[in-house]
2 protein chains.
Amino acid sequence: MIERANELRQRGLRLTPQRELVLRAVRELGHATPEEVAESVRKSHPGINLSTIYRNLETLENVGLVKHAHLGHGGATYHAADEAGHLHLVCEDCGSVGDAPLESAANFVANLIGDYGFETDVTHFAIYGTCANCSKK
Amino acid sequence: MIERANELRQRGLRLTPQRELVLRAVRELGHATPEEVAESVRKSHPGINLSTIYRNLETLENVGLVKHAHLGHGGATYHAADEAGHLHLVCEDCGSVGDAPLESAANFVANLIGDYGFETDVTHFAIYGTCANCSKK
DNA sequence: TGCCACTTGCAAATAGCTTGCAGTACTTCA
DNA sequence: TGAAGTACTGCAAGCTATTTGCAAGTGGCA
Ligand SMILES: [Mn+2]
Ligand SMILES: [Mn+2]
Ligand SMILES: [Zn+2]
Ligand SMILES: [Zn+2]
């Protein structure tokens, strides 16, 4: 369910079955590409079109229910907005995606504000590098 | 000139006019997309094909003369390898790209190694946020 | 119940990048 | 220096991810 269905209606937007399915899929999947969202949604609603997925992800993001992040060289992935508050540690070797709390970066963020007045959103792009496993080899 | 033309030949690669033009363009432009490199190169060599640009960027990256980074939602941008050692502060509002020294992140990088054994390359993806100018508004 | 702006599915278009191929041009080695 | 081998290039076609136009469908309020 979308608790904030109001947020949609207040903007003149509607709560369609497709829109709700897209949101549910994003919530269940954690980090999902549009393609993965489509695959998930189609289990219960096979006819849904990819363009509908893209349009709804955009709409849900505008309303603030969903956010996107960039975890690799390719396209974006989507999160539920309320679980978006973590870093993504992406391994360039094995491709694994680890999470880390925002506090790991608190210091860094403070540096950039102090030195450049730059307010960082550390969650939007991946933190790229080599994971512990791959470093050993 | 490519001082390390040897590095190419040692690998059985050749130093063609196109390859040299691509490297020169990357060096002059600072942060350039393949499309921008093409545009620049075509000023003196109009016939050069985009696929030649892509293939040479890849080759030059394999040899270690250029590197790519991801500064926005779209494609990659290329640097000369020797000026790649800095953070990219990308403003989500105005799109400006500021540079910051690696030291700004030294602390952060140390945290991630300590806590997760994760070795970060902070230069590969942009640091995303709001620049000083845009924050004021 | 009826209207109407918002949505959807579908097809076509676009953007960015990659690949196959045949001709060109370096390099190496008699 | 000429032949042979391999790298490189331009061009056209192909791909993948995403966007757009449009006509038909529908949620939500009167
Ligand atoms: Mn990359
Ligand atoms: Mn983004
Ligand atoms: Zn790894
Ligand atoms: Zn800005």
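In the text below, chain A, chain B and the rest are named by the order of the sequence lines, each starting its count at 1. Below, each value reflects all heavy atoms present in this structure, side chains not excepted, and no hydrogens, waters or symmetry copies.
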Who passes side chain to side chain contact (heavy atoms under 4.5 Å, CB included) against [X], sequence neighbours left out?
{"X": "B:Arg14", "result": "B:Thr16"}
{"X": "A:Glu28", "result": "A:Arg24"}
{"X": "A:Asp115", "result": "none"}

Which is true for A:Gly12 with a 4.0 Å heavy-atom rule: it touches a base, it touches only sugar-phosphate, or it touches nothing? sugar-phosphate

Using a heavy-atom cut-off of under 4.0 Å over every strand shown, decide if B:Ser51 touches base, sugar-phosphate, or nothing. base

Kindly give the heavy-atom pair with the smallest separation between B:Ala132 and A:Tyr116, and that separation in Å. CB-O, 3.5 Å

Between B:Thr52 and D:dT9, is there a contact of a side-chain N or O with OP1 or OP2 at under 4.0 Å? no

With sequence neighbours left out, write down each residue that passes side-chain hydrogen bond (donor to acceptor under 3.5 Å, both in side chains) with [X], or none if nothing qualifies.
{"X": "B:Glu119", "value": "A:Ser135"}
{"X": "A:Glu61", "value": "A:His68"}
{"X": "B:Tyr128", "value": "B:His73"}
{"X": "B:Thr52", "value": "none"}

Contacted region of DNA chain C by chain A, from 5' end to 3' end of the hits, cut-off under 4.0 Å to heavy atoms, spans C:dA5 to C:dC10

Residues from residues 42-50 of chain B sitting under 4.0 Å of DNA chain C, heavy atoms only? none

Nearest-nucleotide 5' precedence on DNA chain D, A:Glu35 against B:Arg55: B:Arg55

Do the ring planes of B:His79 and B:His31 sit parallel (below 30°), tilted (30 to 60°) or perpendicular (above 60°)? perpendicular

Can you give one letter per nucleotide of nucleotides 25-30 of chain D, going 5' to 3': B for a protein heavy atom under 4.0 Å from the base, S for sugar-phosphate only, - for none? -BBSS-

For atom [atom1] of [X] and atom [atom2] of [N], their distance in whole Å:
{"X": "B:Leu57", "N": "D:dC8", "atom1": "CG", "atom2": "P", "result": "14 Å"}
{"X": "B:Leu8", "N": "D:dC8", "atom1": "CG", "atom2": "C1'", "result": "13 Å"}
{"X": "A:Asn56", "N": "D:dT18", "atom1": "CG", "atom2": "P", "result": "16 Å"}

Nearest nucleotide by nearest heavy atom, which residue falls closer to the 5' end of DNA chain C, B:Gly75 or A:Gln18? A:Gln18

Output a table of donor-acceptor pairs, distance under 3.5 Å, between side-chain atoms of residues 98-110 of chain B and any protein atom two or more places apart or on a different chain; print 'none' if there are none.
from, atom 1, to, atom 2, distance (Å)
B:Asp99, OD2, B:His86, NE2, 3.4
B:Ser104, OG, B:Pro101, O, 3.2

For residues 41-50 of chain B, which residue pairs qualify under side chain to side chain donor-acceptor pair (under 3.5 Å), counting only residues two or more places apart or in two chains? B:Asn49-B:Ser51

